[in-house]
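Working notes, structure below.
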Amino acid sequence: MTRIVFEPDEEQPPARLQEALHRKALLKDAIARLGDVVAQSDANFRSDAEWYVAVLLDGLLRGALVVEFREWTGHCEDLLRDQLSRQGRDPEEWSERRRQAEGAELVEFVRQVLHEELDARLPAEVWKGLKELAAVAETIADSTAAARRRLQEAYPGYFTTMDPFGDGDQGMRLTLKQLHLERAFDAVVTFWTPGRGLPYRLCSSVA
């Protein structure tokens, strides 16, 4: 049985779930507003408006994906420090080990700590989605050809052979689509969804 326990008034997963769903709704609204900008632009500059909005949308999607991974990471750090402390463990010991992991390695580290230290197991598909999110977010943050090459080998669906922005990056353009953000949000949302993701108990239910 999971050793993750919350006070009834400090039940974290539902709050984290609602935050992720709110960010998803905000992103959807922002994308729709960008589409309106094109539709309402001067017909004489429509093609220029479409190009410019495509550049803005690319940056928006990249930023949203990076933020989502960092939000998940930060909330997991808070969760594990709190829960390990409840188990009488020194959270600084975990923090030191955590600082040595990044990207997909960090996701795997969180999985191991939850499993081995807190007896909390989640479906393999959740971890698969989170590792994909981590790999893409770290590649965007790294912003090097070597990082993109590694990501392209693991997740070729994020790349296009076109050079839509004319920056000479043919064959290595990391191109985010809305479906990629859907997958990212799905992984985070499932992680925090009670009954589907992180297992936990409330103190009031402990005999």
Side-chain angles (χ1 to χ4, degrees), residues 16 19-21 23-35 37-38 47-77 95 97-113 122-192 197:
R16 301 290 86 83
E19 290 166 0
L21 290 173
R23 290 191 298 272
K24 182 179 180 180
L26 288 174
L27 178 62
K28 182 178 180 180
D29 185 56
I31 291 172
R33 289 173 184 268
L34 281 175
V37 168
V38 174
S47 61
D48 187 63
E50 291 174 348
W51 165 80
Y52 188 57
V53 167
V55 174
L56 294 177
L57 179 59
D58 182 70
L60 177 64
L61 294 179
R62 287 169 182 258
L65 196 146
V66 170
V67 166
E68 208 52 40
F69 179 61
R70 290 179 177 172
E71 285 294 295
W72 178 81
T73 299
H75 290 311
C76 281
E77 290 177 350
S95 296
R97 292 170 59 198
R98 177 263 174 270
R99 283 190 284 269
Q100 300 174 19
E102 295 181 356
E105 292 180 355
L106 174 57
V107 175
E108 177 61 21
F109 177 62
V110 171
R111 187 197 68 79
Q112 290 178 356
V113 174
L122 287 85
E125 285 301 309
V126 176
W127 296 115
K128 180 181 179 182
L130 289 169
K131 287 180 179 179
E132 179 177 334
L133 167 61
V136 181
E138 288 298 299
T139 298
I140 293 171
D142 191 308
S143 191
T144 64
R148 291 197 300 275
R149 192 173 298 110
R150 289 192 297 271
L151 184 67
Q152 188 178 36
E153 292 174 357
Y155 301 102
Y158 283 87
F159 292 83
T160 177
T161 56
M162 299 176 64
D163 183 19
F165 304 124
D167 58 7
D169 199 17
Q170 294 180 352
M172 287 292 289
R173 160 61 63 176
L174 196 168
T175 304
L176 291 183
K177 301 176 182 177
Q178 292 186 46
L179 66 89
H180 295 140
L181 270 294
E182 286 288 336
R183 289 215 297 266
F185 277 109
D186 285 348
V188 174
V189 164
T190 303
F191 181 89
W192 294 117

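Basis for what follows: all heavy atoms, side chains included, without hydrogens, waters or symmetry-related copies.
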Please report the closest heavy-atom contact between [X] and [Y], naming both atoms and the distance.
X	Y	answer
A137	F69	CB-CB, 3.7 Å
A134	A104	CB-N, 3.6 Å
A184	L133	CB-CD1, 3.7 Å
Y155	E132	OH-CA, 3.4 Å
V126	A187	CG1-O, 4.1 Å
L27	L60	CD1-CG, 3.8 Å

Please list, chain by chain and in numerical order, all residues satisfying salt bridge (Lys or Arg N to Asp or Glu O under 4.0 Å) with E68, sequence neighbours excluded.
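Listed in chain order: R23.
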Test log, rule side chain to side chain contact (heavy atoms under 4.5 Å, CB included), inputs V188 and K24:
CA-CA 11 Å; V188 174; K24 182 179 180 180; over 6 Å; no
Which value, rounded to the nearest 0.5 Å, describes the distance between [X] atom [atom1] and [Y] atom [atom2]?
X	Y	atom1	atom2	answer
E138	L151	CD	CG	11.0 Å
I31	L181	CD1	CG	6.5 Å
E125	T190	CD	OG1	10.0 Å
R33	K28	CZ	NZ	13.5 Å
Y52	L57	OH	CG	13.0 Å
E71	T73	CD	OG1	9.5 Å

Assess, by modelled atom type and distance only, whether the side chains of Q178 and E182 contain a donor and an acceptor separated by less than 3.5 Å.
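Per modelled atom types, Q178 and E182 side chains form no pair under 3.5 Å.
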Are the side chains of [X] and [Y] in touch, meaning some heavy atoms are under 4.5 Å apart?
X	Y	answer
L61	L65	no
L176	I140	yes
L179	R183	yes

CA sep, side-chain torsions, deciding dist, call: R111, E108, salt bridge (charged side-chain N to carboxylate O under 4.0 Å, His left out)
CA-CA 5 Å; R111 187 197 68 79; E108 177 61 21; 2.8 Å; yes
Answer yes or no: is there a donor N or O on one side and an acceptor on the other, between the side chain of R148 and the main chain of F159, under 3.5 Å?
no
Would you call R16 and E19 a salt bridge, using N to O less than 4.0 angstrom?
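E19 and R16: salt-bridged.
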So Y158 and H180, would you call those rings parallel, tilted or perpendicular, with 30° and 60° as cut-offs?
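Geometry flag for H180 against Y158: parallel rings.
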